[in-house]
Enquirer: 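Let me give you the structure first, and then I'll get to my questions.
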Amino acid sequence: MSGEHVLVCVAWPYANGPLHLGHVAGCYLPPDIQTRFEKAKGNKVLMVSGSDEHGTPITVTAETMGIQPQEVVDKYHKINLQALNDLGCSWEPNIDPRGSEFGGALFNRTTDPDHKEIVAKNFTKLMEAGLFEKKVMQQYYEVRKGGGRFLPDRYIEGECPTCGNQEARGDQCDACGVTYEAFELIKPRSKMNPEAEIQVKDTEHFFYRLDLFQNILEKHAQERQSVWKSNVKSMTKQWLDMGLRPRAVTRDLSWGIPLPLDGPDWDGKCIYVWFEAVQGYYTCAKLWAERYADTDSWEKWWKVSSEGKKPRHLYFLGKDNIPFHTIIWPAIILGLNHANRGLDSSTEPCLPTNGDLHLEDNVPAMEYLMLAGGQFSKSRKHAIWLPSFLEQFDPDTLRYYLSINMPENHDTDFNWSDFVERINSELIAAYGNFVHRVLTLGNRLPEGTGIHDFEDLSLCSAEMSKLELLHQEITASLDKHRYKEALRFSMNAAQLGNQMIQNATPWLFINDIEKEGAKESLAKLSFGWRLCRFLSITMQPFLPFSSQRLWNMLGEQGDCSLQDWSSAIDWSIDTKWSDQTPSPLFTRLDLSEIIQREENLVDISQDSQEGVEHTVKGSKKIKDGKKMTEGIKYIDFESFMDVELQVGKISAVKDHENADKLYVVSIDDGSDKGRTICAGLKEYYTPEMMVGMSIVFVANLKPRKLRGVMSEGMMLAADDGRGGVKLITVDGEIETGSRVR
RNA sequence: AGCGGGAUAGGUUAGCAUGGUUAGACCGACGGGCUCAUAACCCGUAGAUCGAUGGUUCAAAUCCAUCUCCCGCUACCA
């Protein structure tokens, strides 16, 4: 399988904010692992992606920040590319170190003028082949001085014509579920600019004739049944079963690629982002060839050769993106092939043959990574951002955790304690520690001897065949895009190493190499070097940074990622050694430190919750929030009397060891042992101020652990909402434990 | 709301298209061993009514029906 052309297509991140860990697990880490693996096997890999930089949400962001859309996308393109490179994703260098005939990578952007030009040409080509139709549709229009603008449905709300809900969206009401045409919504208003007058205007648009490709796409999906994952199969089937309809390819947009057409009818209209950005896979390959290789070389990755040899196309994306890549994008490719043949809509399109653009082979779409049980969300700020993560952690720790916990078959969850647990006990304790054992033991051998002096492969045949089997299994798993399984097999090799060392007890012999049994024991230690080398090569797609560190510590030269994949089990390679003192591959993580930082993040996200809600798509949560503030809700006397308030005296105040804002307060409540209450008063009181105060506390509040310390109640304090907080104190002396009412 | 996907030991999960040994793995817990190694390693034990209920079958985690919860798409946040 060596020498194959593999095109790795990576979903284009929207340049409207930084990437978070959900993006990484879903579509940025898996293609990098695959690319590294394919390269190690000797395949010629071209990896393409870039920033998706057009569309209304970006103009909205620009408006909010008071800058130009171009500045928004410049900023996030730079941040995201930097973060991906820092994560070790192979976007640099652009040319494969083995030469441009081996491919390379390009992380481009949709605002690239060359991208725009190719897209415009394709647009014209498809239009001239009769694959578009024109239709008039109705769209909301915000009237402004000196010209208004069209608004997408998601930026409109109004009164539902069916149930009267005041917060119905432009095309559908969340309260009763009814859908309607634009003009039916009562009193429409702009979410961004509620004062503006909203009209419904006719607007003419082009639609791509997806319906022409129904049969051929069904055939194509049929051919891919055996390789596609079940989620890809079923989602594609769903679309095909519903029947494909023409889909708009133009929009009333200010920020996008203008239509390559003259005439006032087409002013203010752009090519719809989905139709444009998805072509990036194609434009990017072309531009890569133009800039870094022979101009025509892109065809090796995109076209079925004249002899019928096909490149392999892999698309990496999140589950929400599946139909775009199994229906819409193939339909565009088929349309381009059709037009290139000089045919039009009167002829039935056919599957690619020699010289045509190739369709996707596999679409290993991932499910979602959740954050502590909830969905990552840009607008709700429930996220861990990749750039800030990489400022604090070794990228390989993230790569390990996300790989071993990859959402391959269903959603998986990221949480900090699990992250620390797995890094410390698996990556470090099993893998890192094994490597460190071998290297330090080897270093302690008597002066004048080296690990290679004790090599005796005839004593290690069991280990050799086990590694050979594991190598087969890792390879098979990666070929099937089963990353978790592959990494687990690699980890099994580390475990095998620990067992081998444990059984051989080489520490008993390193100071006395003549002792009975030394030969057998030290032969195993020596084989430990080969096992480390095996690990360095097979871990490299997953953990490129630490693999390279290990590679150097083993005394090997050059770039670990350029080693042949099968050389991991090449036992004829000479054992080498490095003179440098071995140092641990990874540093242990400390959960409490991380939790503390994490707490700050959570606080920030809660504070900023209110201000961002108007941009949240689903409005259900907002409604619930608003109901609670409507009117006064009375409680009856019994309910009030259920709350047991008592007087207490503060006897001691300590810092909570594991929290930023909390004190651990000891209170004399009249009982023998007193009680402990955690209180968030650090910003307002010093311990000295508090000790001795007579305060009022809730005595029958259900005890609860706060950051590890049991809190038995709650002290009353007044809060003006503007940062002023004062404890409620008692006027004069009264016995502690007295009931307050 | 409609459509699609998911739910398996305390945690993370494999197995499910083609029903058939004791439902496999990693982490954690517990017991023992080791002491070279980053509180690391090795051996062993316990822990799962396979989301709920009903059905098909000689046999169901696996197939069918209904329900619950989570996620996605429909509907410009991966």
Side-chain angles (χ1 to χ4, degrees), chain A residues 11-14 16-17 19-20 22-28 52 54-58 152-155 169-174 176-179 225-226 230-231 233-239 241-242 251 253 272-274 277 316-323 365-370 373-380 404-405 407-413 415 417-418 421-422 424-426 428-430 432-442 444 482 484-485 488 491-492 495 497-503 505-510 525 582-588 615-618:
Chain A
W12 289 53
Y14 200 51
N16 195 25
L19 293 170
H20 55 62
H23 296 117
V24 176
C27 39
Y28 301 110
D52 175 5
H54 290 131
T56 308
I58 282 170
D153 293 335
R154 64 177 280 208
Y155 290 110
R169 303 212 313 260
D171 55 344
Q172 185 186 0
C173 172
D174 281 324
C176 64
V178 73
T179 58
Q225 286 301 297
S226 58
S230 66
N231 58 353
K233 280 191 276 196
S234 56
M235 208 167 289
T236 305
K237 181 174 182 298
Q238 187 197 339
W239 270 59
D241 288 352
M242 283 189 317
R251 276 263 126 162
L253 271 180
Y272 203 173
V273 241
W274 67 260
F316 291 83
L317 38 111
K319 64 173 155 183
D320 56 319
N321 239 332
I322 292 171
M366 295 291 160
E367 301 286 310
Y368 282 174
L369 179 78
M370 312 291 275
Q375 204 188 342
F376 275 80
S377 161
K378 208 176 273 186
S379 47
R380 265 171 289 146
I404 207 78
N405 196 24
E408 283 169 0
N409 298 313
H410 49 77
D411 298 344
T412 61
D413 197 57
N415 71 73
S417 63
D418 192 45
E421 192 72 52
R422 282 191 178 274
N424 283 349
S425 67
E426 295 179 20
I428 300 181
N433 186 47
F434 164 66
V435 168
H436 199 52
R437 288 175 99 175
V438 171
L439 293 173
T440 48
L441 284 166
R444 286 202 197 170
R482 300 175 66 131
K484 276 197 282 210
E485 188 178 83
R488 187 60 68 196
M491 289 298 287
N492 286 348
Q495 191 183 18
N498 273 318
Q499 287 165 349
M500 181 181 76
I501 296 292
Q502 195 69 28
N503 292 333
T505 63
W507 52 89
L508 300 178
F509 304 98
I510 43 176
L525 176 60
S583 64
L585 269 187
F586 307 100
T587 315
R588 283 180 63 85
T615 64
V616 176
K617 183 166 148 194

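Here is the naming used below: chain letters follow the sequence lines, and residue numbers restart at 1 for every chain. In this text, all values refer to a predicted model and were calculated from it rather than measured experimentally.
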Enquirer: Less than 4.0 angstrom between a side-chain N/O of A:Arg251 and OP1 or OP2 of B:C76, yes or no?
Expert: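 No, no such contact exists.
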
Enquirer: Would you say the side chain of A:Gln502 and the base of B:C41 hold a donor-acceptor pair, judged only by whether the two atoms sit under 3.5 Å apart?
Expert: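 Answer is yes: a donor-acceptor pair is held.
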
Enquirer: Students often get this wrong, so: under 4.0 angstrom with heavy atoms, is A:Tyr28 touching a base, only sugar-phosphate, or nothing?
Expert: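 Counting heavy atoms under 4.0 Å across all strands, no contact is made by A:Tyr28.
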
Enquirer: At less than 4.0 Å, is any side-chain N or O atom of A:Lys233 found next to OP1 or OP2 of B:A17? Yes or no.
Expert: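 No, because none of the side-chain N or O atoms of A:Lys233 sits under 4.0 Å from OP1 or OP2 of B:A17.
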
Enquirer: Between atom CG in A:Asn16 and atom C1' in B:C76, what is the gap in whole Å?
Expert: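 Interatomic distance, CG of A:Asn16 to C1' of B:C76: 11 Å.
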
Enquirer: In whole Å, measure the gap between the C1' atoms of B:U22 and B:C50 for me.
Expert: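 Taking atom C1' in both B:U22 and B:C50, they lie 16 Å apart.
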
Enquirer: Keeping the roles fixed (side chain from A:Glu408, backbone from A:Lys484), state whether a donor-acceptor pair exists under 3.5 Å.
Expert: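 Yes: the side chain of A:Glu408 pairs with the backbone of A:Lys484.
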
Enquirer: Using purine N1 to pyrimidine N3 plus N6-O4 or O6-N4 for Watson-Crick, or N1-O2 and O6-N3 for G-U wobble, each under 3.5 Å, what pairs with B:U38?
Expert: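 Base partner found: none.
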
Enquirer: If I compare all heavy atoms of A:Ala430 with all of A:Met491, which pair ends up nearest, and what's the gap?
Expert: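 Answer, listing the atom of A:Ala430 first, then A:Met491: CB-CE, 4.1 Å.
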
Enquirer: At under 4.0 Å between heavy atoms, what does A:Thr412 touch on the DNA or RNA strands: base, sugar-phosphate, or nothing?
Expert: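 Contact class for A:Thr412: sugar-phosphate only.
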
Enquirer: Among B:C71, B:U38, B:C76, which nucleotide has an atom closest to any side-chain atom of A:Tyr368?
Expert: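 For the A:Tyr368 side chain, the nearest candidate turns out to be B:C71.
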
Enquirer: Of all the choices, B:C41, B:U13, B:U38, which nucleotide is nearest to the side chain of A:Arg437 once you look at every atom?
Expert: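 Given the options B:C41, B:U13, B:U38, the side chain of A:Arg437 is closest to B:C41.
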
Enquirer: With no hydrogens and no angle check, is any side-chain donor or acceptor of A:Asn503 less than 3.5 Å from a backbone partner on A:Gln499?
Expert: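 Checking the backbone N and O of A:Gln499 against the side chain of A:Asn503, a donor-acceptor pair under 3.5 Å is found.
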
Enquirer: Roughly, in whole Å, what's the span from CG in A:Asn424 to P in B:C27?
Expert: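 Rounded to the whole Å, the gap is 13 Å.
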
Enquirer: Quick check: on RNA chain B, is the nucleotide nearest A:Asp411 upstream (toward 5') of the one nearest A:Asn405, or the reverse? Name the residue that is more 5'.
Expert: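 This one resolves to A:Asn405.
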
Enquirer: In whole Å, measure the gap between the P atoms of B:G2 and B:G11 for me.
Expert: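 Per the computed distance, 31 Å lies between those P atoms.
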
Enquirer: Syn or anti for B:A17, please, going by whether the chi angle lies within 90° of 0.
Expert: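 This nucleotide is in syn.
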
Enquirer: Between B:C64 and B:U45, how far apart are the two P atoms, rounded to whole Å?
Expert: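 Here B:C64 and B:U45 have their P atoms 37 Å from each other.
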
Enquirer: Just how far, in rounded Å, is P of B:G5 from NE2 of A:His410?
Expert: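 Spelled out: NE2 on A:His410 to P on B:G5 is 15 Å.
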
Enquirer: With a non-hydrogen cut-off below 4.0 angstrom, is A:Phe586 in contact with a base, only sugar-phosphate, or nothing?
Expert: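 Counting heavy atoms under 4.0 Å across all strands, the contact made by A:Phe586 includes a base.
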
Enquirer: Does the B:C26 base have a donor-acceptor partner in the side chain of A:Arg488 within less than 3.5 Å?
Expert: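 Such a pair does not exist between side chain and base.
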
Enquirer: Please determine, for the side chain of A:Leu585, which listed nucleotide (B:U38, B:G15, B:A37) has the closest atom?
Expert: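 The answer is B:U38.
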
Enquirer: Verify the contact: side-chain N or O of A:His436 to OP1 or OP2 of B:U38, cut-off strictly under 4.0 Å; return yes or no.
Expert: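 For B:U38, OP1/OP2 do have a side-chain N/O of A:His436 under 4.0 Å.
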
Enquirer: Is there a side-chain contact between A:Asn409 and the phosphate of B:U13, meaning an N or O under 4.0 Å from OP1 or OP2?
Expert: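 No.
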
Enquirer: Report the distance from atom CG of A:Asp413 to atom C1' of B:G6, rounded to the nearest whole Å.
Expert: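 Rounded to whole Å, this separation is 14 Å.
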
Enquirer: Could you let me know what B:A61 is paired to, Watson-Crick or G-U wobble, both distances under 3.5 Å, or none if it's on its own?
Expert: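 The base-pairing partner of B:A61, which may sit in any strand shown, does not exist here.
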
Enquirer: Under 4.0 Å, counting only non-hydrogen atoms across every strand here, what does A:Ala11 touch: a base, just sugar-phosphate, or nothing?
Expert: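 Nothing, no nucleic acid heavy atom in range.
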
Enquirer: Keeping the roles fixed (side chain from A:Asn424, backbone from A:Ala429), state whether a donor-acceptor pair exists under 3.5 Å.
Expert: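 Not at all, since once roles are kept as given, no pair shorter than 3.5 Å links the two residues.
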
Enquirer: If you look at every heavy atom in A:Asn405 and A:Thr412, which pair is closest and at what distance?
Expert: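 Nearest pair, atom of A:Asn405 first, then A:Thr412: O-OG1, 2.9 Å.
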
Enquirer: Please find the pair of heavy atoms, one from A:Arg437 and one from A:Trp507, that lie closest to each other, and give the distance.
Expert: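 That would be NH2-CZ3, 3.9 Å.
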
Enquirer: Closest to the A:Thr440 side chain: B:A40, B:A37, B:G11?
Expert: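 Nucleotide nearest to A:Thr440's side chain: B:A37.
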
Enquirer: Atom CD of A:Glu367 to atom C1' of B:C71: distance rounded to whole Å?
Expert: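 Rounded to whole Å, this separation is 8 Å.
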
Enquirer: What's the CG-C1' distance between A:Asp418 and B:G28, to the nearest Å?
Expert: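 The distance from CG of A:Asp418 to C1' of B:G28 comes to 10 Å, rounded to the nearest Å.
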
Enquirer: If each of A:Gln495 and A:Asn492 is mapped to the nucleotide of RNA chain B with the nearest heavy atom, which maps nearer the 5' terminus, i.e. the 5' end?
Expert: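 Nearer the 5' end of the strand: A:Asn492.
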
Enquirer: Between A:Tyr28 and A:Phe316 (side chain of the first, backbone of the second, donor and acceptor by atom type, cut-off under 3.5 Å), is there such a pair?
Expert: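 No, because the side chain of A:Tyr28 does not come within donor-acceptor range (under 3.5 Å) of the backbone of A:Phe316.
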
Enquirer: Name the pairing partner of B:G51, where a pair is Watson-Crick or G-U wobble with both distances under 3.5 Å, or state none.
Expert: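 B:C67 - that is the nucleotide pairing with B:G51, both distances being under 3.5 Å.
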
Enquirer: Consider the side chain of A:Arg422, meaning its heavy atoms from C-beta on, and name the nucleotide among B:A37, B:C26, B:C76 that approaches it most closely.
Expert: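 When the side chain of A:Arg422 is considered, B:C26 is the closest of B:A37, B:C26, B:C76.
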
Enquirer: Contact class for A:Pro506 vs. all strands (heavy atom < 4.0 Å): base, sugar-phosphate, or nothing?
Expert: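 No contact.
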
Enquirer: NA contact type, A:Leu317, heavy-atom cut-off 4.0 Å: base, sugar-phosphate, or nothing?
Expert: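 The residue A:Leu317 makes no contact with any strand.
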
Enquirer: Of the listed nucleotides (B:C26, B:A14, B:A40), which one gets closest to any side-chain atom of A:Glu426?
Expert: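 From the listed options, B:C26 comes nearest.
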
Enquirer: B:A48 and B:A61: how far apart are their P atoms, nearest whole angstrom?
Expert: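 After rounding to an integer number of Å, I get 16 Å for this pair.
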
Enquirer: With rounding to the closest Å, how many angstrom separate the P atoms on B:U18 and B:G6?
Expert: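 Going atom to atom, P in each nucleotide, I get 15 Å.
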
Enquirer: Could you identify the nucleotide paired to B:G2, looking across every strand shown and requiring Watson-Crick or G-U wobble geometry with both distances under 3.5 Å?
Expert: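 Base-paired to B:C73.
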
Enquirer: In whole angstrom, give the distance that lies between atom CG of A:Asn415 and atom P of B:G10.
Expert: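 Distance, rounded to whole Å: 17 Å.
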
Enquirer: Just name whichever nucleotide pairs with B:C30, Watson-Crick or G-U, keeping both distances under 3.5 Å, else none.
Expert: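 WC or wobble partner is B:G44.
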
Enquirer: Could you tell me how far B:G51 sits from B:G32 if I compare only their P atoms? Round to whole Å.
Expert: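 Per the computed distance, 36 Å lies between those P atoms.
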
Enquirer: Provide the closest heavy-atom pair for A:Asp413 versus A:Leu369 in the form atom of the first, atom of the second, distance.
Expert: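 Looks like C-CD1, 4.1 Å.
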
Enquirer: For nucleotides B:A40 and B:A14, find the distance between their C1' atoms and express it as a whole number of Å.
Expert: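 B:A40 and B:A14 have their C1' atoms separated by 28 Å.
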
Enquirer: Provide the Watson-Crick or G-U wobble partner of B:A25, both distances under 3.5 Å; none if there is no partner.
Expert: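 Base-paired to B:U12.
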
Enquirer: Starting at CD of A:Gln499 and ending at P of B:G44, how long is that distance when rounded to a whole Å?
Expert: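 Result: 9 Å.
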
Enquirer: Using the C1' atom on both, measure B:C63 against B:U56 and round to a whole Å.
Expert: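 Approximately 8 Å lies between the C1' atom of B:C63 and that of B:U56.
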
Enquirer: Can you tell me if A:Asp411 uses its side chain to pair, donor with acceptor, with the backbone of A:Tyr368 under 3.5 Å?
Expert: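 Checking the backbone N and O of A:Tyr368 against the side chain of A:Asp411, a donor-acceptor pair under 3.5 Å is found.
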
Enquirer: Taking the side chain of A:Trp507 as heavy atoms from C-beta outward, which of B:U13, B:G11, B:C34 is closest to it?
Expert: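 Among the listed nucleotides, the one closest to the side chain of A:Trp507 is B:C34.
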
